Amino acid sequence: FPDREQLIGVYTALELAQGKKFARKAYCLQDSWLLTKPTPTKPADLSALQQALAQAGALDRPLVWCVLPLKNEALYDLEPAYFSDETGKTNKQALTAALAQVEGLTVIDAEAPLVTGTLADRERYFYKTDFHWNARGAFTAAQEIARQLAGAGTIAETSVPQAEDFLWSELGGERRYQGDLNVWFSNQFSMQEDIPRYVPKNAADLRYFLHPGDIESVPRETIVGSGLDKDPVTYNDVFTYNLGYYRVENPDAPEAASVLILKDSFQNATIDYLSAIFRSVTVVDPRSYQETPDLASLLDADGIDLVLFFYHQNNVSRELIDFLSA
């Protein structure tokens, strides 16, 4: 209806002025931190995921599920007198228990470095007004995953990238940040946030492909950092959008393996880290994959040696289940 957003903005401003801690389906905590309220994971979805992963395991490729922590989990003591995330904890326990029953599936929990240290340390990993982590959080989680892969002998310990292997920059001084949760509140919260970014030092040598079977590469900015000229920028502008398919090839990678990543949006901020490890990284987002789902053909076409799943702990994706079950 006319002026809907303006009216919602006025109503939201009144709610916040009254000191409400929960509005617009989000927690509004101290220092303008916005956190979502998770919903319980359905047992039927977990059962369907188990079956789909078992089907994928029959294709004879190593499968690794990377459980990605959320802001709620990392900032558990942000305002402890009011906020807790018991549903998220229960969801994670149910997910990991279900994954443990899938034969041949390795589970990596990436939470450790993001949930330790002081509150100030942990706050540096996330955007205040967004559902997602920032580049520092994504880098830290991806490095934890790489360390565990190395510990399992999947990659060499010398193949785990360090912070100094990348070029780091801060966009916050020149760009505003449009957090997806701030949109819920009609931008009642500040858009002045840290916007860290990291890029491989050999980014000019990487090759990017936008469709399955492509042999002609596209410019990096077609896929990574394609919205950096905007103001404000969003999470996907800084990293990648939720593309159905793309592939990154790195001729200088320390590992010769080709990997397939099936993912949600949290993976978007990790692509530069992962492409610094593997010769070829194929990324598929089942939510927007335009081809006919056929995991076996995709594994063969891209010469996949290893399949990684990148999903946050509350996400038992029906789209992923359908993709694996096709």
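Just so it is clear, the values below take in all heavy atoms, side chains as well, and ignore hydrogens, waters and symmetry mates. Numbers for residues simply follow the sequence, beginning at 1. This structure is a prediction, so every number in the text was calculated from the model and none was measured.
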Show the numbers, then the answer: is there a side-chain hydrogen bond (donor to acceptor under 3.5 Å, both in side chains) between N202 and N250? CA-CA 9 Å; N202 71 330; N250 179 2; 3.2 Å; yes
[X]/[Y] ion pair, N-O < 4.0 Å:
X	Y	value
K201	D165	no
D300	R61	yes
E193	R176	no
K37	D85	no
D231	R175	no
D77	R122	yes
K89	E73	no
E157	R147	no

Would you sort out whether K128 and D31 count as a salt bridge (charged side-chain N to carboxylate O under 4.0 Å, His left out), showing the intermediate values? CA-CA 9 Å; K128 282 189 172 185; D31 299 326; 5.5 Å; no
If we count only N and O atoms by modelled type, under 3.5 Å, do the side chains of [X] and [Y] hold a donor and an acceptor together?
X	Y	value
Y245	D302	yes
Q51	Q55	no
D121	T118	yes
D237	T234	yes
Y125	R136	no
S226	E221	no

Donor-acceptor under 3.5 Å ([X] side chain, [Y] main chain):
X	Y	result
Q30	L78	yes
E170	D194	no
N268	N236	no

Is the [X] to [Y] ring centre distance short of 6.0 Å?
X	Y	answer
W168	Y198	yes
H312	F131	yes
W133	Y127	no

Please identify each residue that fulfils side-chain hydrogen bond (donor to acceptor under 3.5 Å, both in side chains) with D214, with sequence neighbours left out.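 Result, side-chain hydrogen bond (donor to acceptor under 3.5 Å, both in side chains) vs D214: H211.
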Determine, using the 4.5 Å side-chain heavy-atom cutoff (strictly less than), whether F323 and I304 are members of one ILVMFWY cluster.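 Yes; tracing contacts between hydrophobic side chains, which count when under 4.5 Å, links both residues.
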Heavy-atom check, side chain of Y177 versus side chain of P232, under 4.5 Å: no
Decide ring-ring contact (aromatic ring centres under 6.0 Å, His included) for F139 and F166; before the verdict, give the C-alpha distance in whole Å, the side-chain angles of both, and the deciding distance to 0.1 Å. CA-CA 10 Å; F139 180 94; F166 299 86; 5.6 Å; yes
